Amino acid sequence: MKVTIKVPATSANLGPGFDCLGIALPLYNTITVEETVLPGTGIEINLMTSEQEENIDEMIFDNIPRDNNNLVYKAIEMLYNSIGQEPSELKINIESQIPISRGLGSSASVIVGGLLAANKLLGSPADETALLSLATEVEGHPDNVAPAILGGFILSSQEPDGSIVYTRLNWPEEWDITLCIPDFELSTNIARSVLPENVSMQDAVFNAKHLAMLINAVNTKDEKLMKIALQDRLHQQYREKLVPGMRNIIDAFKHEDGVIGTVLSGAGPTLLVISHNYDLDKIKSTVKDIWNSQSIKSEVKTLKVEPNGAQIIE
Ligand code: HSE
């Protein structure tokens, strides 16, 4: 039996929503899992870049495990084990359109792809709640896996009892999302290692009130409120030193009418510019100029929110 799953990219945090906000975007990883008939053939893992996405550096695939340490395989194994089974010999193809280690949910997408594929192969023993829990267990936090499974703009939380609670938010259609993707990687582990273990009460309150503002700003399409709401004190200031050019790009748009804000996408290094009726070519040229001046190549693209989560396409 063979199954193919298409999973969207995601951008987590959106400023003050550290580890709880995430939005699905129309770049995809397509994961095909086939149970091979011949016993003893082991696991075969093939990685491909999507034809449309020429800029993804294929060299990065050298670092991706092709054995049972591969994240897709681990996710598959986890679902099988959750019902007391072991996966058989598998052939796994991963066609990647989502740049790796750029803060665009690439690992969440392969985890979700593996889980959904295994679930289909096993006759769907896991419901949405179980899939969210398993995916969060592998990823560590639900902010990327939730929109990868559900699509759209999601606020999610892993509660103290382990359960995943989520609520869907509406992204104003007229707010453009521009991804500014530099050609260097930043692993989430490194980006998390620079965060403090504890923060001050002041900073905790700062984020709580700005996240509350953000929720109301999207609900009421209030751009002025959103501009204030996008501030964060839990992660971006610590990560700035890992992303050359980040401060310059944020500052370049800070006082531009029509630009609502610039935030780190997930753990970075991609930046996300939110704008309304603003010249998108100007965003592109400004970002490229700043990064070029630091010898950093980049890809800048404006995308709509992807309303659909991961889908079985075959
Ligand atoms: N919320 C996560 C972080 C997203 O900022 O570290 C990356 O996995």
Side-chain angles (χ1 to χ4, degrees), residues 7-25 27 29 60 63-64 71-72 74-75 96 98-115 132-150 153-159 164-167 169 177 179-182 184-199 203-204 206-208 210-211 214-215 229-243 246 250 261-272 274 309-310:
V7 193
T10 49
S11 177
N13 299 332
L14 287 109
F18 179 67
D19 275 0
C20 60
L21 276 184
I23 197 160
L25 297 167
L27 293 173
N29 277 347
I60 199 165
N63 301 326
I64 294 181
L71 263 186
V72 177
K74 280 188 166 178
S96 170
I98 307 174
I100 297 162
S101 295
R102 305 295 160 83
L104 291 170
S106 156
S107 65
S109 81
V110 292
I111 292 166
V112 166
L115 285 175
L132 277 168
S133 291
L134 288 169
T136 303
E137 204 175 319
V138 189
E139 175 84 340
H141 31 83
D143 52 347
N144 282 304
V145 294
I149 292 174
L150 304 161
F153 186 22
I154 305 286
L155 172 69
S156 58
S157 164
Q158 183 167 35
E159 292 295 292
I164 309 297
V165 173
Y166 76 84
T167 186
L169 304 166
I177 294 177
L179 295 180
C180 313
I181 312 169
F184 63 89
E185 297 157 40
L186 176 56
S187 85
T188 301
N189 282 347
I190 293 175
R192 290 184 85 84
S193 74
V194 298
L195 303 182
E197 268 186 39
N198 297 295
V199 296
D203 287 352
F206 184 93
N207 266 57
H210 285 81
L211 179 54
L214 187 149
I215 305 301
L230 283 169
Q231 298 176 85
D232 148 76
R233 285 205 190 149
L234 294 186
H235 70 110
Q236 296 188 137
Q237 75 214 52
Y238 305 106
R239 289 170 163 171
E240 207 176 296
K241 58 177 179 258
L242 303 173
V243 185
M246 172 174 160
I250 291 175
T262 305
V263 292
L264 205 53
S265 178
T270 293
L271 296 170
L272 193 150
I274 301 161

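Read the numbers this way: they start at 1 and go in the same order the structure lists the ligands and their atoms. Bear in mind the structure is a predicted one, so any value in this text is a computation, not a measurement.
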J.: List, pair by pair, the atoms of ligand 1 and of the protein that are both N or O and lie under 3.5 Å apart, giving the separation rounded to 0.1 Å.
T.:
{"unit_1": "ligand 1", "atom_1": "1 (N)", "unit_2": "N13", "atom_2": "OD1", "d": "3.0"}
{"unit_1": "ligand 1", "atom_1": "1 (N)", "unit_2": "D19", "atom_2": "OD1", "d": "2.5"}
{"unit_1": "ligand 1", "atom_1": "1 (N)", "unit_2": "D143", "atom_2": "OD2", "d": "2.5"}
{"unit_1": "ligand 1", "atom_1": "5 (O)", "unit_2": "N13", "atom_2": "ND2", "d": "2.8"}
{"unit_1": "ligand 1", "atom_1": "5 (O)", "unit_2": "R239", "atom_2": "NH1", "d": "2.8"}
{"unit_1": "ligand 1", "atom_1": "5 (O)", "unit_2": "R239", "atom_2": "NH2", "d": "3.4"}
{"unit_1": "ligand 1", "atom_1": "6 (O)", "unit_2": "R192", "atom_2": "NH1", "d": "2.6"}
{"unit_1": "ligand 1", "atom_1": "6 (O)", "unit_2": "R239", "atom_2": "NH2", "d": "2.8"}
{"unit_1": "ligand 1", "atom_1": "8 (O)", "unit_2": "N144", "atom_2": "ND2", "d": "3.4"}

J.: Taking only residues two or more places apart in sequence, or in another chain, which ones meet Y166 in a ring-ring contact (aromatic ring centres under 6.0 Å, His included)?
T.: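 So Y166 forms no ring-ring contact (aromatic ring centres under 6.0 Å, His included) with any residue.
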
J.: Using modelled atom types only, decide if a donor and an acceptor are shared between the side chain of N13 and the backbone of C20 within a distance under 3.5 Å.
T.: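 No; zero donor-acceptor contacts below 3.5 Å.
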
J.: Got a donor-acceptor contact below 3.5 angstrom from the R102 side chain to the F184 backbone?
T.: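 Indeed, once roles are kept as given, a pair shorter than 3.5 Å links the two residues.
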
J.: What's the separation between atom CD1 in I190 and atom CD in E185, rounded to the nearest 0.5 Å?
T.: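 One finds 9.5 Å between CD1 of I190 and CD of E185.
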
J.: Give a yes or no on whether the backbone of D232 and the side-chain of N207 come within a donor-acceptor separation of less than 3.5 Å.
T.: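 No: the side chain of N207 does not pair with the backbone of D232.
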
J.: Roughly how far, to the nearest 0.5 Å, is CD1 of I23 from CD1 of I177?
T.: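 Nearest 0.5 Å value for the CD1-CD1 distance: 4.0 Å.
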
